Structure formats: C-alpha cells, structure tokens
Amino acid sequence: MLQVEALACQRGGRWLFDHFTLTLIPGELIHLQGVNGSGKTSLLRILAGLSSPESGIVRWNGVDIQECRDEYVSHLLYLGHQPAVKDDLTVRENLQVSCRLAGLEPSAESLRSALEETGLLSRSNLPARVLSQGQRRRLALSRLWLENRRLWILDEPFTALDVHATQLLERRLEAHLAAGGMVILTTHQQPDIAEDYLRILGVGT
Amino acid sequence: MKTLHILRWLLQRDIQLVFRRRSDLVSTLFFFVIAVSLFPLGVGAEPALLRAIGPGVLWVAALLSAMLSLSRLFAADHADGTLEQLLLSPVPLTLVVGVKVLAHWLVSGLPLALLAPLLGLQFDLAARDLGVLTLSLLLGTPLLSLIGAIGAALTLGVRGAGVLLAVLVLPLYIPVLIFGAGAVAASATGMDPAAGLSLLGALLALGVVFAPLAAAAALRLSIE
C-alpha cells in the first residue's frame with residue numbers, strides 16, 4: 001500500500017502542489033490529471049524516490065520510502081517520460097539490459113514472448129534507432145510483461161501508441177490490477193479501464 | 001551475489017555500447033597520436049630537446065584526450081532516461097558510478113597507456129623511461145577517469161557542459177600531471193622514479209574510495 005501525506009513540491013520558485021495526499025491500495029489504478037506544467041511528472045518522480053519533496057512523506061506499507069529504499073525498489077516499476085532505449089543496441093538487447101539492470105535475468109523464452117505481446121518480435125534483431133516513436137514506447141512497455149512488480153508508476157504510457165497497442169496496454173493494466181497490483185499513471189487520454197479499478201485525481205491548483 | 005551480477009551486466013553493456021560506436025573511441029586515440037606527433041614537427045628534431053619535453057608532452061596529451069571522452073560518461077544515459085532506471089536499480093549508486101568509471105577507463109585510459117610507449121619513441125626516450133611512462137599512465141589514467149566522473153556528474157544537463165567540465169576538472173588534474181610527468185622525467189635524467197609513482201599510487205587509492213562517492217552525490221543532485 002502506498003500512502004502520501006501532505007506532500008509539497010516547488011519548482012522554479014512556484015508551488016506546484018501543497019498538502020497533496022493520496023492512498024493507493026492493491027487492485028487500484030490512480031489516473032493523475034492536470035494541465036501541462038501542473039506537476040504530474042514531478043509528483044511521479046517524488047513517488048518513485050527520484051527526487052525529494054519540499055515537505056511531506058511517502059510511505060510504502062507504512063514505512064518511509066527513504067528508509068526502506070531497497071525493499072521499495074524491488075516492488076516498483078517506474079517508466080519515465082524518456083523510454084530508456086539505447087539506439088545502438090538491438091530491440092532484444094535493450095529489453096534484456098533493462099531487465100538485468102533492474103536485477104532480473106529473463107530467459108530467452110520470456111523475452112521472446114514479451115516482444116511477441118507488444119508486436120516487436122519481427123524486429124527483435126534490429127537496432128533500436130530504426131524504430132518509430134510508437135515502437136520505442138512499445139519496447140519500453142514490454143517490461144510490463146516481464147517483471148513481476150506490484151507497484152507500477154507510469155509517466156504518459158499511452159503517448160504515441162496506436163489503437164491496437166492502447167487496447168493491449170489497457171488489458172495488461174487490468175490483468176495487473178485483477179492480480180492485486182497497483183498502478184499510478186498520467187495520461188491526457190481517457191484510458192478504457194473497468195470502473196471498479198479506476199480512480200481519477202487532479203494535480204495542481 | 002545479485003549485486004555483482006548487475007554490476008557485471010552494466011560493465012558489459014557500457015563496453016558493448018562503445019564498440020557499437022567505435023568512432024568515438026578511435027577519435028580519442030587519434031587525437032592523442034596527432035597531438036603528440038605535432039611536437040617533434042613543431043620544435044624540431046633536436047634529440048636533447050625532445051628528450052626533455054617528451055614526458056610532459058605525452059602526459060599533457062593523455063590528459064586532454066581523456067578529457068575529450070569525459071562528457072559522454074553520463075550524458076547519454078541521462079538523455080535517454082537510463083540514468084533514472086540505474087538510480088532505481090537495487091545496487092548502490094556509488095558502485096554503479098564505480099563500474100561506469102571502470103568501463104570508461106578500459107576503453108579510453110588503458111589504450112592510451114598501451115599506445116604511449118610507441119609514441120615515446122619519437123622523443124628518443126630510453127627503454128627504461130618508456131617502461132616508467134607506461135606504468136605512470138597505468139596508475140594515472142584511472143585517476144583521470146575518477147576525478148573526471150565528479151566533473152561529468154556535476155555538469156550533467158548544463159548548457160555548455162563541455163567547456164565548464166574542462167574548467168572544473170583540469171585544475172584537479174594538476175597533481176596527477178606533476179607526479180606522472182615528474183616520474184618519467186626523473187627516470188630520463190637517471191634518478192629514481194619511485195617517488196612519483198608511489199604518490200600516483202597513493203592518489204589512486206584515495207580516488208578509488210572517494211571519487212565514486214562524490215560523483216554519486218553529484219549525480220543525485222543533477223537528476224533532481
């Protein structure tokens with residue numbers, strides 16, 4: 001369970017949010033909404049422990065994430081604005097490397113099936129520099145089929161995805177939620193997720 | 001155990017990336033060869049003069065070509081978002097930085113040290129001096145990568161990072177230059193180079209312990 005208490009964040013001398021509070025329970029997806037520059041990405045980075053808030057506290061199962069960092073990152077999958085794809089590595093190598101750096105050793109079979117899910121299998125031996133924006137996003141999202149993490153923090157996961165990939169991601173999110181996972185994401189689209197799971201929250205003033 | 005695996009994979013990835021883009025590696029080495037070779041052409045082929053300037057020239061050229069590749073140490077990972085993933089990996093950031101510095105040294109510092117004796121022949125250095133030169137570079141170039149990592153981390157994402165990095169890091173390279181070139185010069189004049197080499201070794205021991213800590217702290221600041 002992720003709890004956020006009285007979070008405040010300041011960027012460039014301007015308060016983005018103040019006294020921001022949320023609780024995320026298993027099987028719940030929080031969709032953060034807000035205009036451009038309202039601090040959605042800053043909030044996600046704070047939740048992931050990448051930057052520290054002006055004040056306030058983020059707790060994972062009741063413990064401050066600064067104190068249980070090792071435990072927290074082992075449950076966390078954060079996909080940021082940049083897809084963390086290396087142009088000079090092949091599609092397959094990219095996926096393998098990003099899993100390995102997160103501490104997993106995926107088998108050749110599981111890499112294959114994850115790439116098959118996201119429709120990149122036929123391109124698995126091409127260097128990532130030839131991929132389109134949408135394909136890069138798919139490659140970054142392939143980790144969702146490989147890593148068994150409870151909390152997903154996704155910054156604009158739907159950007160550049162086509163209709164088919166959008167539906168694919170929505171089904172994956174629902175499967176994760178049905179299995180008791182937690183998701184917090186930002187997007188300017190209206191994801192088609194079963195209402196039982198979905199909670200919409202506004203950021204900024 | 002898992003930590004060691006992740007660090008090995010990171011080292012493997014960094015080296016693989018350099019070999020996929022060999023032009024960066026070759027241009028650094030080429031700069032070293034050209035810069036060193038210009039001096040005999042510029043100052044004339046007087047053997048006594050060349051012997052006198054040789055150690056200094058080789059060391060300054062090594063310093064500058066090590067500088068060239070520094071800005072790439074973290075910049076690519078920062079730009080494409082990999083650095084965020086590294087911060088979230090289960091390994092302490094200090095070790096991540098240490099491994100990245102090791103990878104940087106293996107593909108930039110080590111080739112310089114191995115190439116240097118060949119270039120030293122142009123300056124009429126004796127076999128013993130060439131040995132001391134290689135040894136001093138083997139001790140000194142890891143220090144250049146370690147100190148440079150602090151500068152590279154501090155200037156991450158800053159406009160005009162290249163010049164700022166040089167201004168920040170070159171003054172810190174001065175002790176390395178003095179002891180390194182000094183050891184070779186001492187050997188060339190028939191004195192014992194052990195003093196300079198020991199000091200380089202001591203600096204390296206300090207650098208290995210403290211530089212990754214400082215660079216990791218700087219990285220955390222620049223990624224905020």
Side-chain angles (χ1 to χ4, degrees), chain A residues 9-11 41-42 44-54 65-66 68-90 93-106 127-129 136-137 139-140 143 147 149 151-153 155-156, chain B residues 1-26 69 72-100 103 107 153 156-157 216-224:
Chain A
C9 173
Q10 198 180 9
R11 281 287 178 276
T41 296
S42 301
L44 291 188
R45 289 174 55 88
I46 291 172
L47 293 185
L50 286 170
S51 52
S52 36
E54 215 69 35
I65 58 165
Q66 306 295 339
C68 64
R69 182 192 168 273
D70 290 351
E71 153 92 2
Y72 183 56
V73 296
S74 71
H75 291 293
L76 170 69
L77 201 162
Y78 169 82
L79 295 182
H81 225 44
Q82 305 294 334
V85 167
K86 289 279 174 203
D87 280 354
D88 293 323
L89 298 180
T90 68
E93 285 167 343
N94 260 301
L95 185 56
Q96 189 177 32
V97 160
S98 50
C99 287
R100 281 176 163 182
L101 293 183
L104 294 166
E105 171 70 286
R129 84 176 79 88
R136 278 164 180 272
R137 182 60 61 181
L139 174 52
R143 282 179 63 190
E147 293 181 30
R149 303 278 169 106
L151 173 63
W152 294 356
I153 297 183
D155 196 355
E156 302 276 359
Chain B
M1 206 55 225
K2 197 165 147 196
T3 306
L4 281 181
H5 278 150
I6 295 176
L7 293 176
R8 205 189 68 215
W9 287 324
L10 180 63
L11 183 66
Q12 201 180 329
R13 183 207 71 148
D14 271 20
I15 290 174
Q16 193 177 24
L17 279 173
V18 170
F19 277 92
R20 291 280 159 91
R21 193 163 288 198
R22 273 181 290 261
S23 58
D24 288 350
L25 171 71
V26 175
S69 55
R72 287 195 296 271
L73 191 52
F74 300 115
D77 279 348
H78 180 56
D80 65 19
T82 311
L83 203 55
E84 290 179 342
Q85 298 297 335
L86 286 175
L87 279 168
L88 293 176
S89 93
V91 186
L93 189 60
T94 315
L95 293 179
V96 168
V97 170
V99 166
K100 286 191 73 72
V107 295
L156 203 59
L219 265 189
R220 280 209 188 85
L221 282 181
S222 6
I223 209 156
E224 279 262 308

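Chain A is the first sequence line, chain B the second, and so forth, proteins listed ahead of strands; every chain is numbered from 1. Values in this document were obtained by computation on a predicted structure and should not be read as measured data.
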Which atoms of [X] approach chain B - backbone, side chain, both or neither, heavy atom under 4.5 Å:
X        : answer
A:Val97  : side chain
A:Arg136 : neither
A:Ser42  : neither
A:Leu76  : side chain

Enclosure of B:Arg21 CZ (heavy-atom neighbours >12, cutoff 6.0 Å):
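No, not enclosed.
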Minimal non-hydrogen separation, [X] against [Y], with atom names:
X       : Y        : answer
B:Pro90 : A:Ala102 : CD-O, 3.8 Å
A:Ala48 : B:Leu88  : O-CD2, 3.3 Å
B:Lys2  : A:Gly103 : CE-O, 3.2 Å

Under 3.5 Å: donor-acceptor pair, side chain of B:Arg20, backbone of A:Asp88
yes
Evaluate the criterion side chain to side chain contact (heavy atoms under 4.5 Å, CB included) for residue pair A:Gln96 and B:Trp9; output intermediate values, then yes/no.
CA-CA 10 Å; A:Gln96 189 177 32; B:Trp9 287 324; over 6 Å; no
Is B:Gln85 close to A:Leu101 at the side-chain level, that is, under 4.5 Å between some pair of heavy atoms?
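The answer is no, as the side chains (C-beta and beyond) never meet within the 4.5 Å cut-off.
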Is any side-chain heavy atom of B:Gln16 closer than 4.5 Å to one of A:Glu93?
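Answer yes - side chains close enough.
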Evaluation steps, side chain to side chain contact (heavy atoms under 4.5 Å, CB included), between A:Lys86 and B:Arg13:
CA-CA 10 Å; A:Lys86 289 279 174 203; B:Arg13 183 207 71 148; 3.4 Å; yes
Side chain to side chain contact (heavy atoms under 4.5 Å, CB included) between A:Leu50 and B:Leu87, worked out
CA-CA 7 Å; A:Leu50 286 170; B:Leu87 279 168; 3.8 Å; yes
Which atoms of B:Ala76 are under 4.5 Å from chain A, going by heavy atoms: the side chain, the backbone, both sets, or neither?
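Backbone plus side chain of B:Ala76, per the 4.5 Å heavy-atom cut-off to chain A.
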Which atoms of B:Glu84 are under 4.5 Å from chain A, going by heavy atoms: the side chain, the backbone, both sets, or neither?
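It is both, since atoms from each part get that close.
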Using a cut-off of under 4.5 Å on heavy-atom pairs, state which of B:Leu7, B:Val91, B:Val96, B:Asp77 scores highest against chain A.
B:Asp77
